[in-house]
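Remember, predicted model here, so these are calculated numbers, not experimental data.
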Amino acid sequence: MPLLEVKNLSKKVGTKFVLSDLNFQITQGDFLLFAGQNGSGKTITMLQLGGLIQPTSGEIFFKGKILKKSKDFRRKIGLVFQEANTQIFCQTVLEEVSFGLNQNKVKNPKAQAKILLDKMNLLHLKDLSPFRLSGGQLKMVTIASIVAQEPEILILDEPFIGLDYPGVQMVLQTLVSLHKQGITIILITHDLDKVLYHATRLIVLDQGKIVYDGNKEQAMGSLTAWGIKKPFNPQRASWLL
């Protein structure tokens, strides 16, 4: 059974369909790139996968249950938005990461948050305000606050936007590590250079429709036609090598 299954998903905004008849499955262990040029419908797809907005038609299933009727999907599908500061509202890093744990009634939430921060090499930041951090550190704290809730699927919208080289490395290393730990990753991007090497699968959206779903290597010759920059060296490019 797939973790997520999308059937005939369409979304209308005003009089225009911004998504049309999407069909795909997400399986355990995917590191999926959801690519497309700006305006192709990537972010609105993410919002629907996370249950934040409802489709005009079609259905999304989480572990075989219709998404809106599943009781535990909100904790099991973690969303990291493009602008990290839109998800941050606590006074310190420790409080931010502890918040979700406290909401889920985890025992000793601050102690558990410290363990996670230590694993992610963020413990030295625990008493700082998130808004005093670098872009890469802020993104890492956002990811940590979601990972603290033990999601099965982590969906990230353009996680490298605005980050410098060290920030990209920091975030990418974390995502690769989380994937190795068993978390299914869905990464939404228009720039494949930084992360294509680590992906297991590629879906391309163009004008609200899926134009490709499959092996990343086989899509390289068609990327520019879909408005996506072809990676300089898709076989070897990795910001972690």
Side-chain angles (χ1 to χ4, degrees), residues 3-4 31 43-44 46-53 62 67-68 70-189 194-195 239-240:
L3 285 179
L4 273 179
F31 193 131
T43 297
I44 202 165
M46 167 188 171
L47 295 175
Q48 290 179 100
L49 295 181
L52 297 183
I53 60 175
F62 176 65
L67 192 64
K68 61 185 177 182
S70 176
K71 296 180 180 180
D72 62 347
F73 84 90
R74 288 196 180 276
R75 190 164 67 90
K76 294 302 182 180
I77 303 175
L79 302 181
V80 177
F81 297 106
Q82 184 177 143
E83 298 295 334
N85 55 12
T86 63
Q87 290 182 263
I88 299 292
F89 52 88
C90 292
Q91 296 298 311
T92 69
V93 168
L94 182 59
E95 289 174 351
E96 188 67 40
V97 178
S98 301
F99 180 82
L101 294 170
N102 191 48
Q103 291 294 104
N104 292 327
K105 299 180 180 180
V106 173
K107 292 183 178 180
N108 302 315
K110 288 192 174 181
Q112 295 300 316
K114 286 179 181 179
I115 292 173
L116 177 59
L117 288 170
D118 190 34
K119 287 181 179 179
M120 296 180 66
N121 297 315
L122 298 172
L123 188 58
H124 62 292
L125 305 175
K126 65 180 177 65
D127 295 322
L128 296 181
S129 166
F131 300 102
R132 294 180 55 192
L133 305 180
S134 69
Q137 290 172 332
L138 183 59
K139 183 69 72 173
M140 288 285 288
V141 170
T142 305
I143 294 172
S145 67
I146 301 299
V147 170
Q149 300 179 54
E150 300 183 338
E152 294 184 42
I153 303 174
L154 184 62
I155 307 176
L156 306 102
D157 187 11
E158 301 284 5
F160 308 115
I161 290 288
L163 301 187
D164 57 14
Y165 180 73
V168 171
Q169 280 196 311
M170 187 188 310
V171 172
L172 183 55
Q173 180 67 63
T174 297
L175 296 182
V176 171
S177 176
L178 291 172
H179 181 245
K180 289 179 179 178
Q181 294 170 37
I183 296 179
T184 298
I185 304 290
I186 302 174
L187 196 152
I188 295 171
T189 185
K194 300 176 179 66
V195 74
W239 285 42
L240 299 181

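Distance alone, capped at 3.5 Å, is enough to place a donor-acceptor pair between the Lys139 side chain and the Gln82 backbone. Counting only distance, with no hydrogens or angles, the side chain of Gln137 and the backbone of Ser134 share a donor-acceptor pair below 3.5 Å.
Using modelled atom types and a 3.5 Å distance limit, the side chains of Gln181 and Ser177 yield a donor-acceptor pair.
Atoms CG and CG, on Leu156 and Leu187 in that order, are 5.5 Å from each other to the nearest 0.5 Å. In this structure, CG in Leu178 is found 12.0 Å from CD1 in Ile146, a value given to the nearest 0.5 Å. Atoms NE2 and CG, from His179 and Leu154 in turn, are 11.0 Å apart once rounded to the nearest 0.5 Å. The CE atom of Met120 sits 14.5 Å away from the CD1 atom of Ile115 when rounded to the nearest 0.5 Å. Between the CG atom in Leu52 and the CG atom in Leu47 there is a gap of 5.5 Å [rounded to 0.5 Å]. Atom CG of Asn108 sits about 10.5 Å away from atom NZ of Lys114, to the nearest 0.5 Å.
Nearest heavy atom pair, residue Ala148 against residue Val97, reads CB-O, 3.9 Å. Closest approach of Lys76 and Glu150 over heavy atoms only: NZ-O, 3.6 Å. Among all heavy-atom pairs drawn from Phe62 and Ile77, the shortest one is CD1-CD1, 3.9 Å. Closest of all the heavy-atom pairs between Phe131 and Cys90 is CE1-O, 4.4 Å. Of all non-hydrogen atoms in Gln87 and Glu96, the two that sit nearest each other are O-OE2, 3.3 Å. Of all heavy-atom pairs between Ala113 and Leu94, the closest is CB-CD1, 3.8 Å.
Among Val141, Asp118, Thr92, Leu117, the single residue meeting the side-chain contact (heavy atoms from CB on, under 4.5 Å) criterion with Lys126 is Leu117. Among Leu128, Asn85, Ile88, Leu122, the one residue that satisfies the side-chain contact (heavy atoms from CB on, under 4.5 Å) test with Leu133 is Leu128.
The shortest side-chain heavy-atom distance between Ile143 and Leu175 falls under the 4.5 Å cut-off. Side-chain contact between Asp157 and Val80: absent, with no pair of heavy atoms (C-beta onward) separated by less than 4.5 Å. Between Ile183 and Ile153, the closest side-chain pair of non-hydrogen atoms is not below 4.5 Å. Using a 4.5 Å heavy-atom threshold, the side chains of Phe81 and Thr43 count as separate. Between Val195 and Phe31 the shortest side-chain heavy-atom distance falls below 4.5 Å.
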- Message: For Glu152 and Thr184: C-alpha separation, side-chain torsions, deciding distance, then whether side-chain contact (heavy atoms from CB on, under 4.5 Å) applies.
- Response: CA-CA 6 Å; Glu152 294 184 42; Thr184 298; over 6 Å; no
